[in-house]
Protein chains: 2
Amino acid sequence: MRPSKKDELVSKALEVFYRDGFHATGMDKLVVETGVSKTSMYKHFRTKEELILAALDLRDTNFRTWFLTRVAELADTPEGQLIAGFDALAEWFEEDNYRGCMFIKACSEFQEVDHPIHQQAARHKQILLDHLTGLAQAAGAKDPDCLGSQMLLLKEGAIVSSVLISSGAPARDAKAAAQVLLDSAVKHQAA
Amino acid sequence: MRPSKKDELVSKALEVFYRDGFHATGMDKLVVETGVSKTSMYKHFRTKEELILAALDLRDTNFRTWFLTRVAELADTPEGQLIAGFDALAEWFEEDNYRGCMFIKACSEFQEVDHPIHQQAARHKQILLDHLTGLAQAAGAKDPDCLGSQMLLLKEGAIVSSVLISSGAPARDAKAAAQVLLDSAVKHQAA
DNA sequence: TCGACTATGTACAGACCGGTACACTTTGAG
DNA sequence: CTCAAAGTGTACCGGTCTGTACATAGTCGA
């Protein structure tokens, strides 16, 4: 099938970028790994940046789909889902090829705030934030924006820490923290 | 003076690496920015990696010195210092040239866990973690390891979020979260 | 079978990478 | 002043980067 060819390239590029980084991955390496010719590659993507953006877009879709699905499997109340997110993270951290958050890395390598890659990463995080804020609101938190932001903080922190200390432990600590914050925010509401 | 020349090179390299990233910064650019010749540069540092390690070492010293000093100025009890750390972060986020955490970026660009650069970054975080755990213990937390880890999680999360959304707001949310966690951990202890 | 058109592969351009060879300038001892 | 040792600047190495020109192979209507 023709259209899947491009998707296949993006998928493979995503894998290599995630594994080796953006600047450290040359188009030559991608050409070798995907098996297509350079010409074909540049037919589908005019520049490397366009390929990176496509890879990030795929990553955004994949990750959010996986995360939302997994969380929905683990819990069916807003409160439960906020907490379950950290169990999902813990599972992610245990994966063999876990290398941290691709969007954090993208922002590390492309730092200018107005860079398309930076902005795409920011968009991804914003969507997650909106989701968490929505859950916080549904859970009846006193200040949903604050609680949502805090949940995201804990998630980012857990991701970064898990990479830096090569351990899944941060997910557990983050989950415990989330529980305390959630209880506090909801209790405040009730009081 | 001889030793200061090398320090000067490291200092300038640190600035450029922090601003532009590691892979994106070539030795040629550093040579131009520092004004020395390439030969001199390679007299002081045998490889680029050695220069990066020296820059990270300087960063480690500078950051920890600044952080500990600032926190000590802001509070003089363990509890107060745990919270004041987030005020210090907020000030950092407001700096003009703020670009996030250099060590997170280093790990993003050099992902192999056994890479010297990765390990040096991990060491930096470990020292911070030990410090925070110590404060948590002094504050009388029930589980100092957990609380210290959570404080670090919130810090990392705030740093990452502040970069991704280009705002200092995460520091405020992280501080609020830290206060709740601290109260909870200490109250548990008393109960 | 032909011929126009599209997709692919190869080989290369021009710039830049980390790193070095070597000629040069400066310095200090005698 | 002489001369060797140390420090400096320039020009360059092979390799790799992103991106392209061009020749070839495959496809489809007539």
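Each chain gets a letter, A, B and so on, in the order the sequences are listed, and its residues count up from 1.
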J.: Rounded to the nearest Å, what distance is computed from the CG atom of residue B:L30 to the C1' atom of nucleotide C:dC17?
T.: 12 Å
J.: Table please: side-chain donor-acceptor pairs of residues 20-27 of chain A below 3.5 Å, with sequence neighbours left out.
T.:
from	atom 1	to	atom 2	distance (Å)
A:D20	OD2	A:K29	NZ	3.2
A:H23	ND1	A:E109	OE1	2.8
A:T25	OG1	A:G21	O	2.6

J.: When the side chains of residues 87-95 of chain A are checked against the rest of the protein, which donor-acceptor pairs come out under 3.5 Å, sequence neighbours left out?
T.:
from	atom 1	to	atom 2	distance (Å)
A:D87	OD1	A:K175	NZ	3.0
A:D87	OD2	A:K175	NZ	3.2
A:E91	OE1	A:R70	NE	2.7
A:E91	OE2	A:R70	NE	3.4
A:E91	OE2	A:R70	NH2	3.0

J.: Donor-acceptor pairs under 3.5 angstrom involving side-chain atoms of residues 126-138 of chain A: please list them, not counting sequence neighbours.
T.:
from	atom 1	to	atom 2	distance (Å)
A:Q126	NE2	A:D130	OD1	3.1
A:T133	OG1	A:L129	O	2.8

J.: For every nucleotide of nucleotides 18-23 of chain C, 5' to 3': is a protein heavy atom under 4.0 Å from its base (B), only from its sugar-phosphate (S), or from neither (-)?
T.: BBBB--
J.: Any link between A:L56 and A:F67 through a network of hydrophobic side chains (Ile, Leu, Val, Met, Phe, Trp, Tyr) touching at under 4.5 Å?
T.: yes
J.: In whole angstrom, give the distance that lies between atom NE2 of B:H44 and atom C1' of D:dA6.
T.: 12 Å
J.: B:A54: which residues meet the side-chain contact (heavy atoms from CB on, under 4.5 Å) condition with it, sequence neighbours left out?
T.: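 B:A54 satisfies side-chain contact (heavy atoms from CB on, under 4.5 Å) with B:V10, B:F45 only.
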J.: Looking at B:S37, I'd like to know whether one of its side-chain N or O atoms comes within less than 4.0 Å of OP1 or OP2 on D:dG9.
T.: yes
J.: Report the residues that fulfil side-chain hydrogen bond (donor to acceptor under 3.5 Å, both in side chains) with B:E49, sequence neighbours left out, ordered by chain and then residue number.
T.: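 Residues passing side-chain hydrogen bond (donor to acceptor under 3.5 Å, both in side chains) with B:E49: none at all.
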J.: C:dT8 C1' sits how many Å from A:K43 NZ, rounded?
T.: 9 Å
